[in-house]
Structures are given as C-alpha cells and as structure tokens.
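All remarks here apply to the structure that follows.
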Amino acid sequence: MKGVYTVEEMPKTYDPQATEPELIKKWIQAGCYGRSKGTEDRTVVIPPPNVTGILHMGHAMDDTIQDTYIRYSRMRGYSTRWILGTDHAGIATQTKVDKKLKSEGVSRLEIGREKFIEACWDWTREYGGTIVEQIKRMGCSIDFDDEKFTMSPEYTRAVRKVFVDWYHHDLIYRGKRIVNWCPHCETSISDDEAEYADEKGHLWYLRYPLKEPINGIEYITVATTRPETMLGDTGVAVSPQDPEKADLVGATVVLPIVNREIPIFSDWHVDAGYGTGFVKVTPAHDPNDFAMGEAHGLEKINIFDEHAVVVPGYGEFSGLDRDQARAAIVAWFEEHGLLDHIEDLEHSVMHCYRCGTTLEPWLSEQWFVAVDKLKEPAAQAVRKGDVTFHPERWTQTYLTWMDNLRDWNISRQLWWGHRIPVFYCDDCGWQDALMEDTDVCPKCGGHHVRQDEDVLDTWFSSQLWTFATQGWPEHPEQLEGHHPTKVLVTARDIIALWVARMIMSSLYFTKEIPFHDVFIYATILAKDGSRMSKSKGNGVNPMDLIAKYGADAMRYNLLTLITNNQDVKFDAVLDKKTKELLESPRTDQARSFVTKIWNASRFVQMNLDGYTPGEPKAKTPEDAWMFSRLARVTAETTEQLESYGFGDYARNIQTFFWNDVCDWYIELCKSRLLNGDTEERLQVQRNLVFVLDVSMRLLHPVMPFVTESVWDALPASGVFSHDATFLMTAAWPEPQELARFMNDEAEHNFSLAKTVVSAARSTRARYRLSPKAELSVAVRATAEDADALTKQTGFIRSVGRISELHIGEDIQKPAGSISVAEGGLELYVILGDLVDLQAEAKRLEKDLASAEKELLGVKRTLSNEGFVAKAALAVIEKKRSRAAELETLVAQLKQQITDFS
C-alpha cells in the first residue's frame, strides 16, 4: 500500500541522478522485474549482447522499445516475462584475451587450449557484467535474477543436441568450399558478417600466351583486380554469348610464371562486357570461380596459407604476403612485356567485421549446415503470416534472403566457444558426433580418439535463444505457455544472421515458430548521417546521455525518433578531441518534458489540501473536453502499443500531456482551484487527480522514473485505486473503462473555442503586443459551429482577453484586421491602432525580399550538378532543408503582407 499522502512530498526540482538509481533498487528488491502472471502471454527475449561489450545506441534503442512494451503489457495484466542473457562472442572475446596475453609476453599457443579457455572465463567474469549493469541503469525491467549465457552448462547442452541431431539427420556435413577468411583473426567469417567498403583500386590487364596461335592470335588478355591470385589459375572463361571468342573455346593457355597449361571454356558466370571478356578462373580464391571449377572439373589450387602468405612452390613469390605478391607479380608481367595496361577502379571490398582486415576468399575445409530442408518451412511461416514483420516492408527482405540462401558455414577456427562435438579415431577411421565426450573408440576400442579442433559460429548457438533459454531440451515443459514468444525486437542487420536462423531451428526442434512478431527498429546514425563506430570516433555513449539528461529523457527521445523511415540521425555534438558528449538538443528537449511533467504535477499536488477521493465530474466545457481527450488518447496509445507504433505513441502522449493537460486544462483549472468555493475546489481537485493519475499510467512505459515519482506523491483518484505499491505494477487504464467519458461534441465545441483563443494569442506574439492587450475578433463559421461558439462567448473572451467577439455565417473581413484560417473557421483579428499596418507591411516586404534572395541562391546551388556530385550528403541535405524552410517563410510573409493591403 502507498504511504500516507502529504502535500510536502514533492521537491521543488526533480533530480534524475538521485531519483533513478533509488527507484531501480526499490523495484528490484520488491521483485517487480520477475515474471508476472496474467492472461495472454507476452514473453520477450533480449537479443543477447556480447558478454564483454558495452552499451551503444543500438542497444539503448532496442532495450527502450522492449522495456516500453514489457511495462505496458505488465500493467495491462498480461503474463509477462523478459528474458535476459548474453552471448559469449567467440571472435570478440578471443581477440581481447589474445591482446591481454600478448601484453603479458605470452601467446595462446604457448599456454595451450585448456589454459586459454580458463583465461577467457576469467575475462568474462571480470568484464562480463558491465553491459548488464548498464541495461539495469536504463531502467529496463528485465528479470536480472534469471540471467542466461550461451556458454552455461545447460545452454551448451542444448547447442550440442542441435548439432548432433542435425549431423545424424544429414543436415550438417564437412566439406571443402570457399569461405571468407580473415588472415588476422585466422578464422572463417560468414557472408552476412562481412562488411563491404568502397575502395580505390586498379584493373590490371595481363597477357596470357596461347600454347598454339589461333587465327594469328598469340595471346589473350585477362582483366583482374587481384593479379596475385593468377598463381592459382586453372582456367580462362568466356561468355557463351560472345561469338567473337567462340573459336578460342577449347584452346590452351600457358600460364605465365608457373607454366601451367590451362583451358579456355565458356560459362554463363562470365559477363562478355567486363574487361576484355576473358576471365581468369581461380577456383580456390573466388566463389564464382569455385562454381565454374566444379562445373568444368578444374583443379582447385590454394596459393595462400592461413595468413594470406604465398605457400612454398612458387619460387621468388613464396613467403610474400598478398600485397607484396601483387606488387611483385605486376612487376614481373611488366618486365616480361605481358602487362597490357592498368585502369583505375573503385570497387567494393569485403572486410572482417571485427578487426577490419580485408577478407580472403579461401578454399577451406569447414562444417556446413545444409539449408535446403530448413529454409522452405521458415519462408512459409512468414508467407502465411505466422511470423509478421513490423514495418511490413522487411518481409520481402527476409523472403529474398531465404530464396537465395546457401549452405551455412558454422565452423570457426577459434578456441573460445562451443567446440564441435565430432570425434575421430586415428586407428580405424571412425567418426561420429556425440552428446558425451569419449576417449575410447566404440568401433575398435582404440584410445587414439580426438575431438574436432574448431568451434561453432556464435550465431549457431544464438539461433536457439527463444527455447534454449527456457529449459529445452532437458525441461521442455518450461516452454509451456511461454513459447512461441511474443515479439522479437532487433536490428535489420541481423534479419539474415539471426532472425531467419531462429525461425529455422525453432520450427525443426520445437515444431513451432520462435515468435509471433518481429519489430525492426531504426538504425541510429551519427549527426552527419554516417554510421556510428569506434573507429570513426562518432559513437554516442548512452551512459553519457543518462548522466547528463537522465534515463527518462534518453528513453523518451529514442522512442520519438522511430518512424517508418528506417535510418535516423542522432543530434549529439561530441568534443572533437576527447569525443565526449557536449550536448544533444533533442534529448535536452526530452528533459524539458520531464521537467514539465514534474512541475505541472507538483502544482496540482501542492493544491490538494482538503482532498478526498471521489468521482471526476464534468462541471465545465473544459472538463468535458479534457475527459473526452483523456479517453481518446488512452484508446489511441493502447492501440499504438499493441501494433508496435512506439514512435507514434511517444509523440502522441507528449502532445496530449504538454498541450492539452498542462497548457490548457491545468491553466483553466487554476481559477477554480485557487478561488472557487469548497465544493467547486474539491471537484476540480478530483478531476485533476484523475487526469494526472491516468496520464502517469499512459506515460509510464517510456518514462518510468518521473511517472513513478509523481504517482507515488498523488492520492488515489475516484476511478483508479492505489492498491499497487508501485505504478509499474498498477493497472493500465483500459479504453473501455474510460469510454463513458468519450464526448465528440464536447471535444469539437471546445476545440472551436481553443482555436479562437489561440488565434488571439498567436497574433499578440507575432506583432509583439502585450499579452494583456485586448483584441477584437470576428469569426465566420457554419451555423452549427457559430452556435457552439456563441454558447462559449464568456469563456473565450475571458481566457483569450478578447474585448469584442462577433460570430456568424456571413461575417465579412473588417478593416484593419488580419485573417487566420484554422480548424474550419475563418478568423479576423482586428489590430486597429495597435499596429502601424503600413509600417508593418514595409518591414515585411524587406523580410520577404531578403528571404526570396536567399531562397534563389540556395536553389541555384542545388541545381548545380557539380555541387551535388561532390558535396557531402549531409551538406546537401542541409541545403535542401534550408530551401524548404525559406519556401514556407516566403509563403507566410506574402500572406501577412496581403492581410495588410
């Protein structure tokens, strides 16, 4: 139960740095974050962050969305469970431990696998809790008492079962195929993890002599971006649609340097228009070349070792790394008159997403998942609508990827991770995947048994996240009622890496989808529109935002950024040298909203002496309007949260509370609250408590701290009880409960009155008149609206400081007035002698000339093709934004000048 209500409870100012950590402690100690029982299940799993990672803006956006949804669902009375967990991050963690060991003067090869894994566990225990504590500081009401980890014993068991089952069902195999190899990390990288970057390069044209001249032709010329790989060429391909080269198909080329005889053949992979139309084929170093090699029976020769160094057997080129080999081979071709020419080229190059090293397409023996039997059921689940993407456009992204899905390389050449559970007998050649380790061969009884050295890709283990975190396979009964989960909130970057694989594995092992909905949130870019990254130094630390503005402000700002346009620019300004946060204007505005909530609520709370709970009653037009608006916004926000319209929800609730509740309703209640008789004062107190109570409930999911603090200081309203200890466990205001307050006529009629008052206020502000200056206003309206306005004349004149108010269907524009068209009304505000209209018109004409001149200059710049081609995207966008602002200003100035004519 809440404590005894006293007027002195709310401090004058709200301090998020003092309030937020204390509330987190209270919520956790009271067990508010655990599972809540209720009707419909709303289980959500957090996309597991790297165990040794720290919070970035993508995490902050993701976690804010999830917490908003969970808090709303908990208040709604649904059964909620938000599952926390972290990923062991194979490459990232191993890289960090490698660096640590190097700083100590040792390497993992020196200490061995067992001790290295111990070092990884030590690192995880030392640094693994950072991101979890940061998530906690955000106010995320996740179940911190039930944290999962992808390397825990029970999770490891689940991963092993999936591998063993798929292995025995012929869905996992080992084979030699082209993989993306990182020479620095010394492991394969999946296609989806490779990051592409445009780089300036060259197209080298190399001459390959024919074994025998054909029709006077002694050599062919191939074009390549990677001349160093020519050492591994085993063929030259041409397009079947290139008749000029048909006579050469079947001929033999003598490969320079190595004197290898290789055939010329035709293949559909070749684009006749690329380069010379002759394509060197290196099956061990290019996926398309590998496919051609398979089709034409070409030898696959790997010329690089795992460090991308030329292997022995190539004379002076052996021992060179790929860059050195490139320079040396080009020099050799030039020296021997076989370098035709070189062209500059800009092309896209794959890099390791962890270390940034250029990846090497490399023929390697790896483990793969055969996806043909898995991908169609997963695609059908989305086509049928069993799994729904929000926004809907990501459905096609998913389906296109599934249609083109190739077998998935799941092995990594690391030590930290889930070791592949395949065992080999060196005595008899036995091989099998086992659930339990063994050192004895079950076939021959020999003791020369060894386990596969590789570990599994971390995405292999995280694909089980929705069901392996809930007891599967040892306790499948724990899934009952909590699987499928409700919604997965994640980034678009891992639709292929994670979302698709979760659907495939869940359908296979649990016979059900892993989640009903997938919400893809906006990608947060830096202020200039570039990707945030450590290397660029443009990343914003969410903890800095919290320290400066508070968690509520950061959370609210993030939610308002969500629109159907996927990429959003974050307005943070960073110190050029230290990269520390200087300011974020939008987050500062969000903090102003927090302050507005506090101050408005404090004013009401400080004027509740003598209050006793009772029913809210509409005694005035503004009461009826406010109650109806409250009911309507409750229905709207409920629908927005149900349909994952998080951005619309945040913007809607701010507009309602700031404009309708604070700027209008509380202001209009002040007279009755401060000057009314006892009965009138008590009723307005009850009305205000009711409005604030419901508003705090609606605001709570996104701004949990300030709303909890306000609600704790409020007495119980006459509609909702305060039986709950905390707002976060109190009831959501159900739309049907407030439907009795819905009053379309009251909203419409009061909105008309607001329009007239706002027109008078904005006119005073525009022409720099005293807020106390009384104005005369004429309103042309329909008969129905005119009647509604006439009934509110006293209110409009009093609140709007309007000396004379004329309302009718046939009102004509009075002399010396300006016109305002708004809300279906034609309003004329009479300025008379208050403003020198001629002088004002001249001033406005000067402003118009200045604005038109600037607009002309901006448009001239934007029409300059050279500027558009060379200028940074951020600069162009700024110019376009300024042009739009100027066009609006010009239109406004012209209208004002017309008013003064």
Between [Y] and [X], is there a side-chain donor-acceptor contact under 3.5 Å, judged purely by atom types and distance?
X      : Y      : result
Asp289 : His269 : no
Tyr173 : Asp407 : yes
Ser364 : Arg177 : no
Gln366 : Gln413 : yes
Lys280 : Thr229 : yes

So, the side chain of Gln94 versus the backbone of Trp416: is there a donor-acceptor pair under 3.5 Å, distance only?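 Answer holds: yes.
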
Measure across Ala433 and His168 and return the closest heavy-atom pair with its distance rounded to 0.1 Å.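 Residues Ala433 and His168, closest heavy atoms: O-CE1, 3.2 Å.
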
Any side-chain heavy-atom pair from Pro283 and Thr234 closer than 4.5 angstrom?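 A side-chain contact exists here, since the closest heavy-atom pair is under 4.5 Å.
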
Would you call Phe317 and Ile303 a side-chain contact if the rule is heavy atoms closer than 4.5 Å?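 Answer no - side chains too far apart.
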
When the aromatic ring centroids of Phe290 and Trp362 are compared, is their separation below 6.0 Å?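 Ring centroids of Phe290 and Trp362 are no less than 6.0 Å from each other.
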
Would Tyr398 and Trp394 count as a close aromatic pair, with their ring centres under 6.0 Å?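 For Tyr398 and Trp394, the ring centres are not under 6.0 Å apart.
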
Is Arg531 salt-bridged to Asp493, going by a charged N under 4.0 Å from an acidic O?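 Yes.
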
Spacing of CG belonging to Leu298 relative to CZ belonging to Phe265, to within rounding of 0.5 Å: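 Result: 5.0 Å between the selected atoms.
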
Got a second to check how far Asn50's CG is from Thr86's OG1, nearest 0.5 Å?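 Asn50 atom CG to Thr86 atom OG1 measures 9.0 Å (nearest 0.5 Å).
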
Whether His202 and Trp204 hold their rings parallel, tilted or perpendicular, with breakpoints at 30° and 60°: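 If you compare the ring of His202 with that of Trp204, the planes turn out tilted.
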
Classify the ring geometry between Phe304 and His285 as parallel (under 30°), tilted (30 to 60°) or perpendicular (over 60°).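 Perpendicular, since the angle between the ring planes exceeds 60°.
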
